[in-house]
Amino acid sequence: MSLLSFRNVWVEYGDKVVLERVNIDINAGSFVSIIGPSGAGKSTFLRLALGQEAPSQGQVFLDGKPLRPEPGPDRGIVFQRYSVFPHLNVRENVIFGLDCASSPILGRSFGAARRRAVEQAEEMLIAVGLGHVMNEYATALSGGMQQRLAIAQALVKNPRVLLLDEPFGALDPGIRADMHELVTGLWQQHQLTIMMVTHDLKEAFKLGTRVLSFDKRRVDPHAPHRYGATAVYDMELTRKNQAAEAARMMAAI
Amino acid sequence: MTRLVNIRPGRKAAAGLAAIPLILIVIGYMIASAVRHAANPADKLLPTFMAMGKAFKNLALDADPITGQILLWADTLASLERLGIALAIATVTSILLGLALGLIPLIRAQFGALVATISVIPPIAILPVLFIVFGLGEASKIMLIVIGITPVMVRDVAAFVAALPQEQMIKAQTLGAGSWLLTIRVALPQMMPRLIVALRLSLGPAWVFLISAEAIAADVGLGYRIFLVRRYLSMDIILPYVAWISLLAILIDMALQFISRKAFPWANRSSN
């Protein structure tokens, strides 16, 4: 059974159809890259998985159960920006997620629970390469380090699926390459399921085991919002065909 | 030649430049006062600094023969008590309503327009209502300040909370936070420095409302005193009292600024 399935999903805002007839199954352990032109509903698709948005028709299932349209701790998210807490230091940013689970009233743990949380958070921070800045405020970090922190925050909750919304879009090319290495490493090590929206085709093919390309199948020039987008290409990548698929894809676009 | 807009004074030069107008005002006052006293030694309109110092010393050190109190301290204590209680009520209300309006769309839909409407009512215009409802005691004066500053503070902090990045709110929910933890762990701490800014900006109006209320109905207080001695044209008391009120206002403002810097260092970092 697939981890996440979209069954005949439509998203409409009034007359505007954003997504139509989306039928996709995401298997556990896959790394799905989502690409497509601006306005093709990539981010809307990700927000469906996140629960930030509800489908107008159809259903989304997580582990076979209908997904409540609300973000929850079983789905981690890293946005392009603003996903760390500026009023907490790096260590506290990661502990936050652990405290939410262990202390629903105060949101803060004490004693042995606190020591366990600190230990777990520090371990995760070292894994993402932030061991040396744990006492800094989150806003004092560079863009790349803030994204590392956002990933650490999400991973410490052991989410069923990790959602990345153009996570490296605002970073320099060099930093981006480091982040690719980090994410690939964490994905293998923690056996994560990842869905990543990106504008960068190379990035999509380099990281993904599967690439979904969203676009509109039909366009009515007199009513551009009449038809929604859907996954027009769905490619499983293996090491062997990765380069070939990428080349074909580039040619098609 | 360097353009005027690009000439920046150093620290010492800036302090010197800032002092010049103040010194000029003091000298101008002394000359005007001397001229008037040369024409009429009993002039009350522009008292000399000596006369003001003496009057202020009497009020600050000597007990009033009728009440046995030292007037300056009695007035200061009474006024600061009214101001303090009012600021505390306004602050607590702003925290509760600011979080509720800023975070919960249902409450914003239900009460947002009401708060906006209340905030346009001129507080002084409803002072008679307050006197009728709360009597002439402390409650009406405190309520005037509360009604005068709270709606503006509430709207400011509520707008700030509502404008916190949506990404952060979603992120917190994916980390397991519900409405309550979002409120106390994400929104509240980030709102606090903004609340202090709102409070500092409200201090000016708060003093205006305090002195207005005291001028109309009180038997002790800084505003009461200056309006009382106005009948005797006692500028030698009024001017030092105005200076004293200004000094208190500056000290309160500096204290709030200090608290904000110490308690919320992260907030002042991003503005740098």
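Throughout, protein chains are lettered first and strands after them, A, B, ... in sequence-line order, and every chain is numbered starting at 1. Because only heavy atoms are used, hydrogens play no part in the values below, and waters and symmetry mates are left out as well, while side chains stay in.
For chain B, no part of A/Asn89 is nearby; none of its heavy atoms comes within less than 4.5 Å. If you measure heavy-atom distances from A/Val84 to chain B, the contacts under 4.5 Å come from the backbone alone. For A/Leu163, no part lies near chain B; criterion is any non-hydrogen pair under 4.5 Å. Using a 4.5 Å cut-off between heavy atoms, B/Ile184 touches chain A through its side chain atoms alone. Contact annotation for A/Pro159: neither backbone nor side-chain heavy atoms come within less than 4.5 Å of a heavy atom of chain B. In this structure, the portions of A/Ala150 lying under 4.5 Å from any heavy atom of chain B include both its backbone and its side chain.
Scanning both residues, A/Phe96 and B/Ala177, for their nearest heavy atoms gives CZ-CB, 4.0 Å. Here the closest heavy-atom approach between residue A/Tyr82 and residue B/Glu167 is recorded as O-CB, 3.6 Å. Among all heavy-atom pairs drawn from B/Thr174 and A/Pro71, the shortest one is CG2-CB, 4.0 Å.
Taking chain B as the reference chain and counting heavy-atom pairs below 4.5 Å, the highest number among A/Asp99, A/Leu106, A/Val156, A/Val78 is found for A/Leu106. Heavy-atom pairs under 4.5 Å with chain B peak, among A/Ser103, A/Pro86, A/Gly97, at A/Pro86.
Remark: A/Ser83 OG to B/Ile170 CD1 distance equals 11.0 Å, nearest 0.5 Å.
Taking a 6.0 Å sphere around CD of A/Gln57, one finds it holds more than 12 heavy atoms contributed by other residues, nucleotides or ligands. Under a cut-off of 6.0 angstrom, the local environment of CZ in A/Arg160 is sparse, with at most 12 non-hydrogen atoms contributed by other residues, nucleotides or ligands. Other residues, nucleotides and ligands contribute more than 12 heavy atoms inside 6.0 Å of the CZ atom of A/Arg210.
Here the side chains of B/Gln173 and A/Glu70 are in contact, with some heavy-atom distance below 4.5 Å. Inter-residue side-chain proximity for B/Trp180 and A/Pro104 is flagged as unmet; no heavy-atom pair is nearer than 4.5 Å.
Formation of a donor-acceptor pair under 3.5 Å by the A/His87 side chain with backbone atoms of B/Arg185 is found in this model. A distance-only check finds a donor-acceptor pair linking the side chain of B/Lys171 to the backbone of A/Ile77 [under 3.5 Å]. Side-chain N or O atoms of B/Trp266 include none that pairs as donor or acceptor with a backbone N or O of A/Leu88 at under 3.5 Å.
Among the residues in residues 137-153 of chain B, none has a non-hydrogen atom closer than 4.5 angstrom to a non-hydrogen atom of chain A.
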